[in-house]
Amino acid sequence: MTFAELVAGSVHDAAPALVGWTLLVDGVGGRIVEVEAYAQDDEASHSFRGPTPRTAVMFGDPGHLYVYRSYGLHWCANVVCEERGRGAAVLLRALEPTHGLDVMSTRRGLDEPRLLCSGPGRLTQALGITSEHGGADITAPPFELLPPVAPVEVEPSSRIGISRAVDRPWRYVEAGTSWSSRARRAA
DNA sequence: CAGTGGATGCTCT
DNA sequence: GAGCATCCACTGT
């Protein structure tokens, strides 16, 4: 299954299947360990009330990036899923840093590996993703996607930071990872 | 370690 | 004018 085929399917299948892929931007990045699925029929999704100038990308082609500003200062990156017009996307919430640790440390202004990519705002800062990448094809340079080298076990849980549809278990975290955004407690 | 609140800008009501 | 798909510093134990 190629990445393009994967994200063309249901967002509820694509989201857990993205865990374990490695995402690089200009050779810098890491393994995806935490994501959340957002569907159009989903009160917590930006696409819930239909397309707007901000969310137009969500209703475009799968495999492209929907980037939005969060709380006025952070960028958050999503991979558009399903076919055109569906308004479905997967929010990238955490990576296990594997490539370009030094570059990410500089961009983040800290050395602690655990804090480089463990959060949606953190990983965009570490990878240099901004609104300039909004609408870009994530399967083309400067992006690079490497498939998992071994089967990945994924556990569903509730999504974080939302106030509606809180009960839907559409957050997917790699089992046993210590790199997720809620792994602040020691292992 | 847990809990709180400030920063900061854009979208939609 | 409210409300965020957040992060960090600071407080009090």
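Nothing here was measured: the structure is a model prediction, and the numbers come from that model. Reminder, nothing fancy here: chain letters follow the sequence lines and each chain counts from 1.
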- What residues 48-56 of chain A contributes to the DNA chain B interface at heavy-atom separation below 4.0 Å is A/R49, A/T52, A/R54

- Going by distance alone, is a donor N or O of one side chain under 3.5 Å from an acceptor N or O of the other, for A/R114 and A/S118? no

- Query: Between A/D137 and A/F143, what is the shortest heavy-atom contact and its length?
  - Reply: O-CD1, 3.6 Å

- Query: Does A/T130 offer a backbone N or O that forms a donor-acceptor pair with the side chain of A/H133 under 3.5 Å?
  - Reply: yes

- Looking only at atom types and distance, does a side-chain atom of A/S158 sit under 3.5 Å from a main-chain N or O of A/P169, one as donor and one as acceptor? no

- Query: Should the ring pair A/W170 and A/H12 be called parallel, tilted or perpendicular, given that the plane angle runs from 0 to 90° and is split at 30 and 60?
  - Reply: tilted

- Which residues within residues 128-135 of chain A lie with some heavy atom under 4.0 Å of an atom in DNA chain B? none

- Write down the distance between CE (A/M58) and P (B/dT11), rounded to a whole number of angstrom. 15 Å

- Message: Within this structure, what is the OH-OG distance for the pair A/Y172 and A/S157, rounded to the nearest 0.5 Å?
- Response: 9.5 Å

- Task: Looking only at side-chain atoms of A/L73, point me to the closest of B/dT8, C/dA5, C/dC8.
- Result: B/dT8

- Starting at CZ of A/R108 and ending at C1' of C/dA9, how long is that distance when rounded to a whole Å? 14 Å

- Note on the structure: Listing for DNA chain B: consecutive Watson-Crick or G-U pair runs of at least 3, distance cutoff 3.5 Å, ranges ordered by first number, gives B:1-7 with C:6-12, B:9-12 with C:1-4

- Query: For the pair made of CG in A/L116 and C1' in C/dC8, what is the distance, rounded to whole Å?
  - Reply: 15 Å

- Message: Between A/W21 and A/F3 (judged by ring centroids, cut-off 6.0 Å), do the two rings come close enough to count as a pair?
- Response: yes

- Rounded to whole angstrom units, what separation is found between the CZ atom of A/R171 and the P atom of C/dA5? 16 Å

- Message: Please give me the minimum heavy-atom distance between A/M104 and A/P97, naming the atom from each residue.
- Response: CE-CB, 3.7 Å

- Message: For DNA chain C, which residues of residues 30-42 of chain A approach it to below 4.0 angstrom with any heavy atom?
- Response: A/Y38

- Return yes if a side-chain donor-acceptor contact under 3.5 Å exists between A/Q125 and A/R107, otherwise no. no

- Query: Do A/D42 and A/R159 sit within salt-bridge range, that is, some charged N less than 4.0 Å from a carboxylate O?
  - Reply: yes

- Item | Donor-acceptor pair present, A/Y71 side chain and C/dA5 base, under 3.5 Å | no

- Of A/Q125 and A/I162, the one whose closest DNA chain C nucleotide lies more 5': A/I162

- Query: Between C/dA5 atom P and A/Y66 atom OH, what is the distance in whole Å?
  - Reply: 9 Å

- Query: Nearest of C/dC8, C/dT6, B/dG9 to any side-chain atom of A/C76?
  - Reply: C/dT6

- Message: Is the shortest side-chain heavy-atom distance between A/L23 and A/I138 below 4.5 Å?
- Response: yes

- Task: Any chance you could measure A/L92, atom CG, to A/C76, atom SG, to the nearest 0.5 Å?
- Result: 9.5 Å

- What are the residues of residues 87-106 of chain A, sorted by number, that bring a heavy atom to within less than 4.0 Å of DNA chain B? none

- Query: Taking the side chain of A/Y68 as its heavy atoms from C-beta onward, which of B/dT8, C/dC8, C/dA5 lies nearest to it?
  - Reply: C/dA5

- Which one, C/dC4, C/dC8, C/dT6, comes nearest to the side chain of A/S163? C/dC4

- Would you check if there is a donor-acceptor pair between the side chains of A/E34 and A/S181 at a distance under 3.5 Å? yes

- Task: Using the P atom as the reference point in each nucleotide, state the distance between C/dA2 and B/dG6 in Å, no decimals.
- Result: 15 Å

- Query: Does any donor atom in the side chain of A/T22 or A/R31 lie under 3.5 Å from an acceptor atom in the other side chain?
  - Reply: no

- OP1, OP2 of B/dT11 versus side-chain N and O of A/H46: anything below 4.0 Å? no

- Do A/T52 and A/T55 have a side chain donor and acceptor closer than 3.5 Å? yes

- Message: Nearest 0.5 Å, please: how far is OG in A/S70 from CH2 in A/W75?
- Response: 10.5 Å

- With sequence neighbours left out, the residues meeting salt bridge (charged side-chain N to carboxylate O under 4.0 Å, His left out) with A/R168 are none

- Separation of C/dC4 atom P from A/E43 atom CD, nearest Å, is 12 Å

- C/dC4 phosphate, OP1 or OP2: any side-chain N/O from A/R69 under 4.0 angstrom? no

- Note on the structure: Between CD of A/E112 and P of C/dC7 the distance, given in whole Å, is 16 Å

